[in-house]
2 protein chains.
Amino acid sequence: MMLSQTEENYLKAIYSLAYANSNNVSTTLISEAIKTKASSVTDMIQKLAEKDLVHYKKYQGVSLTEIGQKIAVEIVRKHRLWEVFLLNKLDYNWDEVHELAEQLEHIKSETLIDKLEAFLEFPTHDPHGDPIPDKEGNIKHHNNTMLSSVETGKSCVVIGIKDSSDPFLKFLDKLQIQLGSILKVISKEPFDNSMLVETTIGSISISNQISKNIFVKNL
Amino acid sequence: MMLSQTEENYLKAIYSLAYANSNNVSTTLISEAIKTKASSVTDMIQKLAEKDLVHYKKYQGVSLTEIGQKIAVEIVRKHRLWEVFLLNKLDYNWDEVHELAEQLEHIKSETLIDKLEAFLEFPTHDPHGDPIPDKEGNIKHHNNTMLSSVETGKSCVVIGIKDSSDPFLKFLDKLQIQLGSILKVISKEPFDNSMLVETTIGSISISNQISKNIFVKNL
DNA sequence: ATTTATTTTTAGACTTATCTAAATTATTTT
DNA sequence: AAAATAATTTAGATAAGTCTAAAAATAAAT
Ligand SMILES: [Mn+2]
Ligand SMILES: [Mn+2]
Ligand SMILES: [Mn+2]
Ligand SMILES: [Mn+2]
């Protein structure tokens, strides 16, 4: 099946929205994710339904079919492997790779991405800690422990970032927090759920908005 | 200036046609190169003329403006650097890289291609021996000595391929001729201009059609 | 259970890039 | 120089993807 970049972007958006919301994805949600008007989304999901890539009943939102899901995961795989390439080989920073990967993920080839994966020595995660699906589309999600839920006095290691937006990543750079950083929760403030955290560069105060967006593994 | 992939492909086609034909490029020539109808070409060149990328007078064909030329060379640069990447880093063969580079050359980024160039350690030529323009768009063409014009008894080294089409490259693979191969002209047949050539694997007969498409440097 | 507000869909229009068929201009041949 | 041929351009149509504005359906509020 030969899909346009636009169609691929819709599938990918539906995939990640479905993952985050765990039920049928609404037209408006997609339109916000993809930055188009709801009417355009309706047109496209009808087209995708026609091609059996999504399940669609009028006014009920969409979910991916098995084929749709498979294709979406393939694009995610390509996106994340290209991100690794850009960071590891071309010395980009983790806040710069996403936009370029948005373009590179649409390169069509039977062999390219597997060769790239081998060249990169089979990385398991992208620069933001997101898991890279394997050739067959299997993907190991991490266990969803957020920094915000780490108990006072305990230490943890940063394994991923939920919101990989540019400003958030730049902000973490400023705090010198990166994948692998070890954080110790010194205290929590019940008033606003902020926490005092010990890092390599000292103690810093982290708001709940931040700590809810950092995946960690308890030590 | 933000150009579509299609517009970029037209500029690149006009560039190489102008280089090969050294005067105004006709509508039909472009239509053959790009595999579209002449009427579509007319539409597009009018659009490109509107954007000051080509000089165009009705029925007189087109030539690139300074800006058009600059952009075309940038795309050629991207194309050839990606080809080097695919061959050197991902282990593709020289007959496989062109098609993929056709896609990769359209990736938009201010920094990507320069970083890629550095990663590849500033190659000067692509896998078919074509020179890679530098960042400023300077390009050193080779001196156009074809194997067909090498004198009997003399030796030469293969430095490029004029027709980099898939079947031709595969044919050269079969003869074990590649960039850097040393060839000695043993004899020439006046009847059909074929030549007997000594290679590493022995003496082979090469037709004029072949020898006219191999760039060499005399030793 | 109505009314109100929100979401979703449809209808019609626009842009880009393409095509076919017809008209126009340029080039060759006689 | 006129006629025939070839190349180029125009006119009108189509498909993909988007938009605005209006209509229809659903959800929320009274
Ligand atoms: Mn990304
Ligand atoms: Mn994308
Ligand atoms: Mn090429
Ligand atoms: Mn191209």
Side-chain angles (χ1 to χ4, degrees), chain A residues 1-14 17-18 20-64 68 71-72 75 102-103 105-106 108, chain B residues 1-14 17-18 20-64 68 71-72 75 102-103 105-106 108:
Chain A
M1 179 152 356
M2 185 60 185
L3 298 180
S4 70
Q5 291 203 186
T6 311
E7 290 170 316
E8 291 187 346
N9 281 338
Y10 272 89
L11 290 180
K12 199 175 59 140
I14 295 166
L17 289 170
N21 298 279
S22 73
N23 44 1
N24 272 18
V25 179
S26 77
T27 303
T28 347
L29 259 181
I30 300 172
S31 82
E32 280 160 7
I34 261 174
K35 287 173 182 40
T36 48
K37 299 294 163 179
S39 56
S40 307
V41 174
T42 302
D43 284 345
M44 180 54 85
I45 59 187
Q46 288 173 346
K47 193 174 148 198
L48 294 175
E50 200 59 48
K51 295 189 178 184
D52 282 316
L53 298 170
V54 297
H55 298 294
Y56 170 60
K57 264 201 228 148
K58 269 192 189 177
Y59 296 97
Q60 302 305 128
V62 289
S63 62
L64 293 173
I71 296 171
I75 303 162
E102 280 298 314
Q103 295 182 62
E105 70 190 3
H106 300 294
K108 259 91 176 170
Chain B
M1 179 152 355
M2 184 63 184
L3 298 180
S4 70
Q5 292 202 185
T6 312
E7 290 170 315
E8 290 187 349
N9 281 338
Y10 272 89
L11 290 180
K12 199 175 58 140
I14 295 166
L17 290 170
N21 299 279
S22 74
N23 44 0
N24 271 18
V25 179
S26 77
T27 303
T28 343
L29 259 182
I30 300 172
S31 82
E32 281 160 6
I34 263 177
K35 289 174 180 40
T36 50
K37 299 294 162 178
S39 56
S40 307
V41 174
T42 302
D43 283 345
M44 180 55 85
I45 61 187
Q46 288 173 346
K47 193 174 149 198
L48 294 175
E50 198 60 46
K51 295 188 179 186
D52 282 316
L53 298 170
V54 298
H55 299 294
Y56 170 61
K57 264 201 230 150
K58 268 193 190 177
Y59 297 97
Q60 301 307 129
V62 290
S63 62
L64 293 173
I71 295 171
I75 303 163
E102 279 297 314
Q103 295 182 60
E105 71 190 2
H106 301 293
K108 260 90 176 169

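Within every chain, numbering begins at 1; the chains are lettered A, B, ... in the order of the sequence lines, protein sequences first and strands thereafter.
When distances are taken from the side chain of A:Ser39 to each of D:dA21, C:dT20, C:dT18, the shortest belongs to D:dA21. For B:Lys37, whose side chain is taken as the heavy atoms from C-beta onward, the closest listed nucleotide among D:dT26, C:dT10, C:dC19 is C:dC19.
Applying the 4.0 Å criterion to OP1 and OP2 of C:dT16, one finds that B:Thr6 has every side-chain N and O outside that range. Within the 4.0 Å cut-off from OP1 or OP2 of C:dT10, at least one side-chain nitrogen or oxygen of A:Gln46 is found. At D:dT9, one or more side-chain N or O atoms of B:Thr42 fall inside 4.0 Å of OP1 or OP2 (strictly under the cut-off). At C:dT10, one or more side-chain N or O atoms of A:Lys58 fall inside 4.0 Å of OP1 or OP2 (strictly under the cut-off). Regarding contacts with the backbone of C:dT9, a side-chain N or O of A:Tyr56 is found under 4.0 angstrom from either OP1 or OP2. The side chain of B:Tyr59 contributes no N or O atom lying less than 4.0 Å from OP1 or OP2 of D:dA6. Contact annotation: A:Ser40 reaches the phosphate of D:dC19 (side-chain N/O to OP1 or OP2, under 4.0 Å).
Comparing B:Gln60 and A:Thr36 by the nucleotide of DNA chain D that holds the closest heavy atom to each, the one mapping nearer the 5' end is B:Gln60.
In summary, of the residues considered (B:Leu29, B:Asn24, B:Val62), a side-chain contact (heavy atoms from CB on, under 4.5 Å) with B:Leu17 occurs for B:Leu29 alone. With respect to A:Tyr10, the side-chain contact (heavy atoms from CB on, under 4.5 Å) criterion is satisfied by exactly one of A:Leu3, A:Leu53, A:Ile30: A:Ile30.
Looking at A:Thr27, its side chain has no donor and acceptor atom pair within 3.5 Å of the base of C:dT9.
A straight line from CD1 of B:Ile34 to C1' of C:dT18 spans 12 Å, rounded to a whole angstrom. Look at NZ on A:Lys57: it is 18 Å from C1' on C:dT7, rounded to the nearest Å.
C:dT15 is paired with D:dA16 under the criterion used here, namely a Watson-Crick or G-U wobble arrangement in which both key atom distances are under 3.5 Å.
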Could you go through the side-chain contact (heavy atoms from CB on, under 4.5 Å) check for B:Leu48 and B:Tyr56 one step at a time? CA-CA 9 Å; B:Leu48 294 175; B:Tyr56 170 61; over 6 Å; no
When you look at B:Lys37 and B:Glu32, which way does the salt bridge (charged side-chain N to carboxylate O under 4.0 Å, His left out) test go after all the steps? CA-CA 8 Å; B:Lys37 299 294 162 178; B:Glu32 281 160 6; over 6 Å; no
